[in-house]
Amino acid sequence: MQATSNLLNLLLLSLLAGLDPSKTQISPKEGWQVYSSAQDPDGRCICTVVAPEQNLCSRDAKSRQLRQLLEKVQNMSQSIEVLNLRTQRDFQYVLKMETQMKGLKAKFRQIEDDRKTLMTKHFQELKEKMDELLPLIPVLEQYKTDAKLITQFKEEIRNLSAVLTGIQEEIGTYDYEELHQRVLSLETRLRDCMKKLTCGKLMKITGPITVKTSGTRFGAWMTDPLASEKNNRVWYMDSYTNNKIVREYKSIADFVSGAESRTYNLPFKWAGTNHVVYNGSLYFNKYQSNIIIKYSFDVGRVLAQRSLEYAGFHNVYPYTWGGFSDIDLMADEIGLWAVYATNQNAGNIVISQLNQDTLEVMKSWSTGYPKRSAGESFMICGTLYVTNSHLTGAKVYYSYSTKTSTYEYTDIPFHNQYFHISMLDYNARDRALYAWNNGHQVLFNVTLFHIIKTEDDT
């Protein structure tokens, strides 16, 4: 019982010790590290941030002290609860023993009244048992006292917690403006952190999220990675040939509901499904040619066109699914790209970086991966990622870095939910893969490995 009282005293002393402001230490750490980014089902960008220890109210001594005090009270309440459970358990045990003692004492009195009829040996055994049980009587009384004390402490802790919570809410009300400014400051820092998420290495693909089911088995849909935050227009191009109609929607919600905002009748039919919208213009491969077209949605006309020299077209070097997918136009954080194959490179993939205004090839890289063996491909941060199939079981099997001019074989699986992919493109703004999956428009989340250097890094 003395141990119980000592434990309670120690808990109270630890609570009082929390009132000393001099024992509070603040060790702010600057620097951020972001591991991944993804997209939720509503289309919002999610950034996984491993942040340093921060305390929005670290400069507010009263708030910090009050928070620490409340935490100590809560810890004390938990300790009291554990002690209470243990005491109640022992208390029930002693009550049971008390009943046995009373019964034994009554029996002993009966035996003592008629002891002449019993053997001395039996009498002595009963007396010894009684002597063993007698010390439990003061223990029982002490447990009864401790049980009452524990109940009182629980009630006091409950009241104190309520008072401290109320005070904390009042302080929060008084300092709301300051807290609001600190939250805004943190939001600004997180936005700055997001701006530093320029490039990363593909680690994982999750999903898909089915946005809509529409159109034929083949097609393309996309948003502009360079559009402003308020501009969420969606463009929709059904089929891989014999079509010139591009449908525009003001948002993903309008796209899902089918509320078109505008349609464009292109001057030429397109080939394949590997088009891209970049900085307000549509880039596509002109049907039955290796000519690339730049069409402006703002002015409604062709701004540039250029032949992609030596590039195979019209199912000479398509992806595994065919569909005139010889020339794949794509964009990433670095710029505009064309992926294709040539006879000069033995039908293997060639990567070319394009000038977005003139469509001139600024630089090219020749890989050793056969274009006809690729299911689809996409660029992330200057690295081309190639899938090994367009059917079930497809995975990212090969990557080529234009930064180092090196390649590696990878093993990044993804779920081909509807069994046939005819379009797979990365959007740098959304950090997601847009796909046309057998008449379903779907999104895949990507996990990229980023290393962010803070201002303190040298």
Side-chain angles (χ1 to χ4, degrees), residues 36-48 187 190-191 194-195 197 205-239 243-266 270 273-284 294-301 303 329-333 336 356 378-380 417-418 421-448:
S36 67
S37 58
Q39 184 174 28
D40 65 10
D42 294 329
R44 295 172 296 194
C45 179
I46 298 177
C47 174
T48 302
E187 184 178 3
L190 286 174
R191 288 184 182 276
M194 284 294 295
K195 291 178 182 178
L197 291 181
I205 300 175
T206 56
I209 300 168
T210 301
V211 177
K212 188 176 182 179
T213 300
S214 64
T216 63
R217 192 178 187 186
F218 316 96
W221 71 294
M222 64 214 79
T223 60
D224 190 344
L226 294 186
S228 64
E229 293 182 2
K230 295 182 179 180
N231 183 352
N232 296 302
R233 290 185 294 174
V234 177
W235 291 274
Y236 178 88
M237 302 169 69
D238 191 14
S239 186
N243 199 348
K244 299 191 296 180
I245 302 300
V246 180
R247 306 184 188 279
E248 180 182 285
Y249 304 84
K250 288 184 177 180
S251 65
I252 289 285
D254 285 350
F255 173 62
V256 173
S257 65
E260 294 180 18
S261 61
R262 188 173 176 182
T263 59
Y264 301 88
N265 190 357
L266 301 178
W270 64 71
T273 58
N274 305 117
H275 333 294
V276 64
V277 174
Y278 189 70
N279 200 21
S281 293
L282 171 68
Y283 297 82
F284 67 96
K294 177 184 179 181
Y295 179 87
S296 172
F297 288 127
D298 293 334
V299 299
R301 62 183 178 86
L303 297 184
L329 301 171
M330 56 188 73
D332 67 354
E333 294 84 352
L336 185 66
Q356 64 170 310
F378 52 89
M379 295 287 293
I380 299 180
Q417 184 169 348
Y418 302 107
I421 291 179
S422 60
M423 170 254 180
L424 187 64
D425 276 328
Y426 173 70
N427 186 292
R429 186 185 72 164
D430 299 337
R431 291 192 173 90
L433 293 174
Y434 282 63
W436 192 289
N437 197 182
N438 205 8
H440 302 268
Q441 292 74 53
V442 304
L443 289 172
F444 290 94
N445 291 323
V446 297
T447 299
L448 305 180

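Only this structure's heavy atoms are used, side chains among them; waters, hydrogens and symmetry mates stay out. Keep in mind the model is a prediction, meaning the values are calculated, not measured.
Without hydrogens or angle criteria, Tyr295 side chain to Leu303 main chain gives no donor-acceptor distance under 3.5 Å. In this structure, the side chain of Tyr236 engages the main chain of Gly215 through a donor-acceptor pair within 3.5 Å. Of the possible polar contacts, one joining the Asn427 side chain to the Thr223 backbone as a donor-acceptor pair under 3.5 Å is found. Not a single donor-acceptor pair under 3.5 Å links the side chain of Trp235 to the backbone N or O of Tyr249. Listed for the Arg429 side chain is a donor-acceptor partner under 3.5 Å among the backbone atoms of Ser228. Judged by distance alone, the side chain of Asp224 and the main-chain N or O of Asn279 form a donor-acceptor pair under 3.5 Å. A donor-acceptor pair under 3.5 Å is absent between the side-chain atoms of Glu333 and the main chain of Ala428, judged by distance alone.
In this structure, Lys294 NZ and Gln356 CD are separated by 5.5 Å, a value rounded to the nearest 0.5 Å. Distance check, rounded to the nearest 0.5 Å: CG of Asn274 to CZ of Phe284 gives 13.5 Å. Atom OG1 of residue Thr273 and atom CG of residue Asp425 lie 8.0 Å apart, to the nearest 0.5 angstrom. Here the CZ-CZ distance, from Phe297 to Arg233, works out to 7.5 Å after rounding to the nearest 0.5 Å. Within the model, atoms OG1 of Thr206 and CG of Asn445 stand 4.0 Å from one another, a figure rounded to the nearest 0.5 Å.
With sequence neighbours excluded, no residue forms a salt bridge (charged side-chain N to carboxylate O under 4.0 Å, His left out) with Lys212. Residues passing the side chain to side chain donor-acceptor pair (under 3.5 Å) test with Thr216 are Asp238, sequence neighbours excluded.
A donor atom on one side chain and an acceptor atom on the other are not found under 3.5 Å apart for Asp254 and Ser261. The closest side-chain donor-acceptor pair between Thr213 and Tyr418, if any, does not fall under 3.5 angstrom.
For the pair Ile245 and Asn265, the minimum side-chain heavy-atom distance is below 4.5 Å. Side-chain contact between Leu329 and Tyr278 is absent, with no heavy-atom pair separated by less than 4.5 Å. Inter-residue side-chain proximity for Gln417 and Val442 is flagged as unmet; no heavy-atom pair is nearer than 4.5 Å. Looking at Ile252 and Asn232, their side chains never come closer than 4.5 Å, going by heavy atoms from C-beta outward. Inter-residue side-chain proximity for Val276 and Met330 is flagged as unmet; no heavy-atom pair is nearer than 4.5 Å. Within the 4.5 Å cutoff, side-chain heavy atoms of Tyr434 are placed close to those of Met423. When side chains are defined from C-beta on, Leu282 counts as touching His275, because their heavy atoms get closer than 4.5 Å.
Contact detail for Gly219 and Ser422: the closest heavy-atom pair is N-OG, 3.7 Å. In plain terms, the two heavy atoms of Thr263 and Glu260 that are nearest each other are CG2-OE1, 3.1 Å.
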Review point. Could you walk me through whether Trp436 and Phe218 pass the ring-ring contact (aromatic ring centres under 6.0 Å, His included) check?
Key: CA-CA 7 Å; Trp436 192 289; Phe218 316 96; 9.1 Å; no
Review point. Hey, mind stepping through Tyr426 and Arg431 against side chain to side chain contact (heavy atoms under 4.5 Å, CB included) and telling me if it holds?
Key: CA-CA 7 Å; Tyr426 173 70; Arg431 291 192 173 90; 3.7 Å; yes
